[in-house]
Structures are given as C-alpha cells and as structure tokens.
> 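Can you read through this structure? Questions will come right after.
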Amino acid sequence: MPRPIRICHVITRLIVGGAQENTLYTAIGQHRNPAFEVTLIAGIDHGREGNLHDRAHAAGVNLRLTPLLVRPIRPVTDLRAHLELYRIFRAGQFDVVHTHSSKAGIVGRVAARMAHVPVVIHTLHSLVFHKYQSEVANQVYIRLKRRCAAFTDVLISVNDQTAKGAIAERIGRPEQHVTIHSGMELEPFLTIGDRLSAADAKRRLGIAPEALVVGKVARLFPLKGHDQFLEAAVRIAAGQPRAKFLLVGDGSLRDSLEARARTLGIHDRLVFAGLVSPEEIPVCFQAMDVVVHTSLREGIARVLPQAGTVGKPVVTFDLDGAPEVIKDGVSGYLVPPLDTAALAERVLELLADPDRRAAFGRAGRTFATEHFSADLMVRRINEVYFSQLSRRQQLDELAALPIQGIDRNSGALN
C-alpha cells in the first residue's frame, strides 16, 4: 500500500483572520482524507485578535508552532526560521509544501526548494504591496515576490483581482496562476435562522429587538476601515433614529475607536462585541439587518459570503475581490472606496426597505452556497496538488531514461 502524500502548510501566524481560517480549513479538509498526511507550521502571536490553535488541535491537525516565524522583518530571526524550516522539510520528506502569507511564503519557499521538496505552492491571500504604504516598501515586497515565484510551481489567488495584480507586477508567469476562492464551513451560517430569530440574536448582544442593526465583522486593526465605518455611522444615525451599530472583533485599535465614537457622539448607539468564538459569528450576522464591509485592502473578505449565507444584504467598498462576491443591486451594493457618504446613503436605503433586504439576502445566500464551501476549496486545491505531483513524476521518469534519444532541454523524445 503506497504511503500517504505528505503535505506541509506554513503560515506566519494562526490568528483569527481570513487567511488563517482559509489555511486551517484546507489543512482540516486534507487531514480527513486518508490519501494525505498533513502538518501545519505556524508562528506564535499573542495579539488581542485571538488564535486558532485549539481549533486545529480539536480537528486532529498536526500543528507545530515556532517562535521564529514572525511578521516583522528581522534578518537574524528570519534566517533562523529559514534554517528551521529547511530541517523540518528534509526530515519530513514532504511531497508538497504550501505556504501562506508573505513572510512564510518567502522563507518557506526558499527552504522548500533547498530541501528538494517536489512541489511548492503559495497562496496569495491578498497583495502585500498597496497604496497605503511607502513605495520603498512596495518595491521591496514586489522584488522579493518575483524572486520567490521562481521557486514556486503554482500561485493560488483567492480572487481574480489578486492574480491580475500579481501578474501586472511580473510576479510569476500567467500560467503559474490559478484562482481558488476561499472556502468555509457554511452549515452554521445556513442554519442559524432555523435556530435563532433575528430578534433573539439582537437580545443576546444586548440590543433591543426593534433596532435596525448595521454591523461590521473584522479585526480592530489598521486598514480594516473602522474609521470609515464610524464616519458613515454618523450619517446613518442622523437619517435613521432606530439604527444601532455593531462591531465584532478585537485588536489594537479598540481603545482609539471607542474614543472616536465618543467624539463623534455615537458611542451610545455602538456595541463593541469584542472577540467572539467562531460559534457565535453566525449569531452576530443574524443580529444585523445590513452588513457593512469597509476594509481598504483584502483578497476576498470571508464576511462577504458569510453574510450572504445567513441571508443578509451587504454594502461594501468596490475594491479587490468584493465584486466577485457581491453583485451590485442584486445581493448588495458596491460603493466607491472611501466614499462614506455613498456608503451611508445605500445603507439607509436598505434600512428603509425590508423587502429589498430580504431579496438581496436570498441572492447572496444562493451565490455563497454555490461558490464558497470549504469542501469545494479543498477539492480544487487537491486537484492542483495531484496535477503537479503527476507532472513531477513524469519528469522524474523521463530523467531516469537513458541519455540517448532524450532532448534534456525540451523534455521530449527525439
């Protein structure tokens, strides 16, 4: 009986976040398949966002934590992380190394190639270069990613826009890129309405059931658009006296956001739910009448299909992967990035029209269930693995043939 295919996923940190959940769901799905033997390596992060370590252990995933994989650039620590990964890859005899996030993608891919791992995959969960940081930093990241693309067999993007952005910067060849949307466990979101009414969900969060709730789910972290949410909330509050605002998530900006809400005069209408367990996220969506997404940089935010699966309309900035999930005027509204006036106007329209909210919610639910299940994501990723392993085996078999009759440059028979 052949041994299982050995897979190693590497990510800089396994916090509560979209890229991290994508990675964990992939590892869990593959762990359930007897054809695979899965290891997940992650750095250690003690931030307020929380982590997914217990979920990984509960699912039976072989999780290895290392303090050497850190998010900031630290040359000595990064070199030690590279050497540690190299030793792990050599000892583990992995068939596939699949890296996630920029730092893990750099040190992990170089280490994998040095360890002669047959197939190296990297997922672009978003583009680390963007207009909200310096051009010097952008150029450093672009050049590093170009170099690492040469060590990579396939570059998976979670949306088409990310793939196009990478190709535009000559990060990998176009044929190296494939789009596989992030997957998630949809069942808790699909069934929350059967288990809990919207009014009861509001009560659980300390909100009056007659309130019209506008909510956002995201880490309280820079570039997640919480300032824009609060700016829009002021306009919405002025136009809809029943409006309440719900922020789900925790992070480094909690104190400053609470202070700003007081300054803006909306603190008494704003609920900070903080960090909630994964089981409570569907409850939070069920309590919302309109879901708002104002992040300034994302691949595909998981909250978009999650909101749709619960049957909630979404108003989002029209950037990155949002248009691949939200169909304008069908399942929600797309508004120009940073245009908080347009954002507030669209939210007010939906708050005033329950029939439209319900229609948008139905459309979002249909689209999300067809495109964003964890099973679909894992199946497509596995297909990439099998294709690359098959190709690698064919090349190895070809290399083993006698020199005569083989064109080593083209790999074809003479």
> Test: ring pair (Phe, Tyr, Trp, His ring centres under 6.0 Å). Region: residues 233-262. Which pairs qualify, not counting sequence neighbours?
none

> Does the pair Arg219/Asp250 count as a salt bridge with the N-to-O cut at 4.0 Å?
no

> Do the non-hydrogen side-chain atoms of Leu190 and Thr369 ever get within less than 4.5 Å of each other?
yes

> Establish, from distance only, whether the side-chain atoms of Thr152 and Gln176 form a donor-acceptor pair under 3.5 Å.
no

> Can you find a pair of side-chain heavy atoms, one from Val97 and one from Ile121, that are under 4.5 Å apart?
no

> Could you tell me whether Glu280 and Arg204 have a side-chain N and a carboxylate O separated by less than 4.0 Å?
yes

> Any side-chain heavy atom of Val158 sitting closer than 4.5 Å to one from Ile180?
no

> Indicate yes or no: does Arg242 engage Asp289 in a salt bridge with an N to O separation below 4.0 Å.
no

> Which residue pairs pass the ring pair (Phe, Tyr, Trp, His ring centres under 6.0 Å) test when at least one of the two sits in residues 91-114, sequence neighbours left out?
His9-His98, His9-His100, His98-His100, His98-Tyr385, His100-His125

> Check this for me: does any side-chain nitrogen of one of Arg356 and Glu349 sit under 4.0 Å from a carboxylate oxygen of the other?
yes

> Taking the side chain as everything from C-beta on, heavy atoms only, tell me whether Asp95 gets closer than 4.5 Å to Arg3.
yes

> Could you walk me through whether Arg32 and Asp375 pass the salt bridge (Lys or Arg N to Asp or Glu O under 4.0 Å) test, one step at a time?
CA-CA 11 Å; Arg32 293 171 179 164; Asp375 288 344; 5.4 Å; no

> Regarding Tyr86 and Arg113, is there a side-chain donor-to-acceptor distance under 3.5 Å anywhere?
no

> Looking at Asp268 and Lys244, what are the two nearest heavy atoms and their distance?
O-NZ, 3.4 Å

> Quick one, Leu343 and Thr294 - any side-chain contact, counting heavy atoms below 4.5 Å?
yes

> For Ser157 and Thr162, does a side-chain donor sit closer than 3.5 Å to a side-chain acceptor?
no

> Under 4.0 Å between a side-chain nitrogen and a carboxylate oxygen: does that hold for Lys103 and Asp78?
yes

> Where do Asp318 and Pro323 come nearest, in terms of heavy atoms and distance?
OD1-CG, 3.0 Å

> Filter on ring pair (Phe, Tyr, Trp, His ring centres under 6.0 Å), then keep only pairs touching residues 322-379, sequence neighbours left out; what's left?
His181-Phe372, Tyr333-Phe360, Phe367-His371

> Restricting to non-hydrogen atoms, name the atom on Met184 and the atom on Pro305 that form the minimum distance, rounded to 0.1 Å.
CE-CG, 3.6 Å

> So, are Arg235 and Glu231 salt-bridged, with charged N and O less than 4.0 Å apart?
no

> Check this for me, if you would: do Arg64 and Glu84 make a salt bridge, where the nitrogen-to-carboxylate-oxygen distance has to be below 4.0 angstrom?
no

